[in-house]
Number of protein chains: 2
Amino acid sequence: MNLSVAEENYVKAIYKLQEGDNVVSTNALAYELDTKPASVTDMAKKLKEKQVIDYEKYKGITLTAEGRKTALQIVRRHRLWECFLVEKLSFSWEEVHELAEELEHVRSEKLTNRLSEYLGNPLIDPHGDPIPDANGKITKPRPQTSLDQANAKRLVVTAVTDQSVSLLAFLNAKSIKLGTQLEIIAHYEYDNSIEIKIKNQPTLTISEQVAKHIMVRPV
Amino acid sequence: MNLSVAEENYVKAIYKLQEGDNVVSTNALAYELDTKPASVTDMAKKLKEKQVIDYEKYKGITLTAEGRKTALQIVRRHRLWECFLVEKLSFSWEEVHELAEELEHVRSEKLTNRLSEYLGNPLIDPHGDPIPDANGKITKPRPQTSLDQANAKRLVVTAVTDQSVSLLAFLNAKSIKLGTQLEIIAHYEYDNSIEIKIKNQPTLTISEQVAKHIMVRPV
DNA sequence: ATTATTATTTAGACAAATCTAAATAATTAA
DNA sequence: TTAATTATTTAGATTTGTCTAAATAATAAT
């Protein structure tokens, strides 16, 4: 299936919002892609025509098997480029998303596979998200919850679900990165804040707002 | 100056055809970009508006200082990616052009400079063409002639002026690559063929047709 | 079970980049 | 120096991806 860059971005966004097999609404997709619902409806018709999505008026969108395969290829390219930028070109964590957003649209299986090989066929990207292999097989992300809902005390950061520059810069400033181990000191319901402690650092207070984008698993 | 991918391709092509300061004709540009003269006229108006070219009806096209700067940035990115693909991902000589054609449009100075650094700030790309530095300074390609017009006997291959897959594959098959040293045994006028000898290889006969795309300099 | 609200779609328009066919300018040849 | 040829531009159309405003469907609230 030969898709334009715009179409690829739709497929990727649908994949992301589907999270398994949820039906994706026009509005949610418009919000995700920072566009208008009317534009989504237009594109939905095209993607249905190209058989990458199932779509019926007012019934929402899901990827076909073909569409899922395409999405996984895009995700694979994106995450491999992120690895490359961080590991080989010394970019920091929060800078790579936008660049990978462009690089991911160079569709060459050979390039993708060579890149993967060059990086040692990594299984997770710098944000902790799993990288699909050449056949589109993706390891289920390990059991993780957002920091605001964690019940264990000692945790390790596995991913960040909001790639906004502001959040990533904030985390950087607080020395919270992938693999950072932390301990929950207290969770204050009355002001929606969480007190955490990272080894060798002063105790930190963060909002639930931020915490819900930090994925962790017990350590 | 913020140019679209299409606009960047025009600027790059104009730079190539200008070769110093020649005026570029609508037809020549259309041929180079595999498009129609009418499309070139349309785009010329836009690029003039954006002040990257000088253009008057029926008078042809030249780059402005700004346009030249942009062209050199694109050329820089293109050639650095070619280096990366050949040196780091083990692509062969003739495969990299098309991929670099896409990668070159990711415009990030930081990425470009990091990539250059990572590659050891190379001065020439795998085709032997010089790579502009971060300021757009480009070393004049060393004195070279096409193989069919060379007068010296012992030569070294410095570049190939035709990036067609067929030619590059042919050269690959004959073990003619960048830096290959060769000797002219004979130049037969009557059938437009040239006999050459590469060390440790049987004598080879190639057509002038091919030879004129192989750039060499005396060694 | 109507009404109000929200979500989605349709209709019609626009910008970018291209095209074809026709018109016009520039160049070359007779 | 006219006529013929070639190069270039214009006019009008097309495709892709987007938009706004209006219409319609689905859902929630009274």
Side-chain angles (χ1 to χ4, degrees), chain A residues 1-18 22-63 67 70-71 74 101-102 104-107, chain B residues 1-18 22-63 67 70-71 74 101-102 104-107:
Chain A
M1 192 46 36
N2 233 4
L3 303 181
S4 69
V5 168
E7 289 168 337
E8 280 199 347
N9 283 330
Y10 272 86
V11 168
K12 191 174 52 138
I14 295 163
Y15 175 81
K16 180 180 170 185
L17 295 178
Q18 228 181 247
N22 297 322
V23 171
V24 177
S25 74
T26 303
N27 260 4
L29 195 46
Y31 182 79
E32 173 71 23
L33 289 168
D34 195 21
T35 184
K36 295 287 157 9
S39 308
V40 171
T41 301
D42 291 342
M43 184 59 96
K45 289 175 190 163
K46 282 187 228 166
L47 293 177
K48 182 190 176 160
E49 192 61 36
K50 294 197 171 192
Q51 321 214 358
V52 291
I53 64 169
D54 289 317
Y55 166 67
E56 294 300 333
K57 270 189 187 185
Y58 299 105
K59 294 275 169 71
I61 295 167
T62 54
L63 291 175
T70 301
I74 303 165
E101 205 78 355
E102 299 197 52
E104 74 188 4
H105 297 295
V106 178
R107 333 170 188 46
Chain B
M1 193 45 39
N2 233 5
L3 303 181
S4 69
V5 168
E7 289 168 337
E8 280 198 348
N9 283 331
Y10 271 86
V11 169
K12 190 173 54 136
I14 295 164
Y15 175 81
K16 181 180 170 187
L17 295 178
Q18 228 180 246
N22 297 321
V23 171
V24 176
S25 73
T26 304
N27 262 5
L29 195 46
Y31 182 80
E32 173 72 22
L33 290 168
D34 194 21
T35 184
K36 294 285 157 4
S39 308
V40 171
T41 301
D42 290 343
M43 185 59 97
K45 290 176 191 161
K46 282 187 227 164
L47 292 177
K48 182 189 175 161
E49 193 60 37
K50 294 196 171 190
Q51 319 212 0
V52 292
I53 65 169
D54 289 317
Y55 166 67
E56 293 302 331
K57 267 189 187 187
Y58 300 105
K59 294 277 169 72
I61 295 166
T62 54
L63 291 175
T70 301
I74 303 166
E101 205 77 355
E102 299 197 52
E104 75 189 3
H105 296 296
V106 178
R107 335 172 188 43

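Below, read A as the first sequence line, B as the second, and so on, with proteins coming before strands; counting in each chain starts at 1. All figures in this text were calculated on a predicted structure; none of them were measured in a lab.
The CG atom of B:Asn2 lies 10.0 Å from the OG1 atom of B:Thr70; values are rounded to the nearest 0.5 Å. Summarising the geometry, atom CG belonging to A:Leu47 is positioned 7.0 Å from atom CG belonging to A:Leu3; distances are rounded to the nearest 0.5 Å. For the atom pair NZ of B:Lys12 and CG of B:Leu33, the computed distance is 8.5 Å after rounding to the nearest 0.5 Å. Of the inter-residue distances, the one linking A:Thr26 atom OG1 with A:Tyr55 atom OH reads 5.5 Å to the nearest 0.5 angstrom. The NZ atom of B:Lys57 lies 10.0 Å from the OG1 atom of B:Thr41; values are rounded to the nearest 0.5 Å. The structure places CG of A:Leu29 at 8.5 Å from CD1 of A:Ile53, a figure rounded to the nearest 0.5 Å.
Within residues 49-56 of chain A, no residue places a heavy atom under 4.0 Å from DNA chain D.
Each of B:Glu32, B:Glu101, B:His105 was checked for a side chain to side chain donor-acceptor pair (under 3.5 Å) with B:Asn9, and the lone residue meeting it is B:His105.
An OP1 or OP2 oxygen of D:dT6 is reached within less than 4.0 angstrom by no side-chain nitrogen or oxygen of B:Asn27. The side chain of A:Ser4 contributes an N or O atom lying less than 4.0 Å from OP1 or OP2 of D:dG17.
Summary of helix geometry: the two end axes of the helix from C:dA1-D:dT30 to C:dA30-D:dT1, each defined by five base pairs via their C1' atoms, are inclined to each other by 10° (rounded to 10°).
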What one-letter contact string describes nucleotides 18-28 of chain D from 5' to 3', where B marks a base within less than 4.0 Å of any protein heavy atom, S marks contact via sugar-phosphate atoms alone, and - marks no contact? BBB---BSS--

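Spacing between atom NZ of A:Lys48 and atom P of C:dT9 amounts to 11 Å, rounded to whole angstrom units. The CD-P distance, from B:Glu7 to C:dA15, rounds to 15 Å in whole Å. Rounded to whole angstrom, the span from the CG atom of A:Asn2 across to the P atom of D:dT16 amounts to 13 Å.
Among the protein residues, B:Thr41 comes within range of the nucleic acid bases, having at least one heavy atom under 4.0 Å from a base atom.
A:Arg107 and A:Glu8 get closest at one heavy-atom pair: NE-OE2, 2.8 Å. Residues B:Gly60 and B:Val23 approach most closely at CA-CG1, 3.6 Å, considering heavy atoms. The nearest pair of heavy atoms linking A:Pro37 to A:Ala30 is N-CB, 3.6 Å.
Under a 4.0 Å N-O distance rule, the pair A:Lys46/A:Glu7 does not qualify as a salt bridge.
Considering only side-chain atoms of B:Lys45, the nucleotide from C:dT9, D:dT10, D:dT9 that sits closest is D:dT10.
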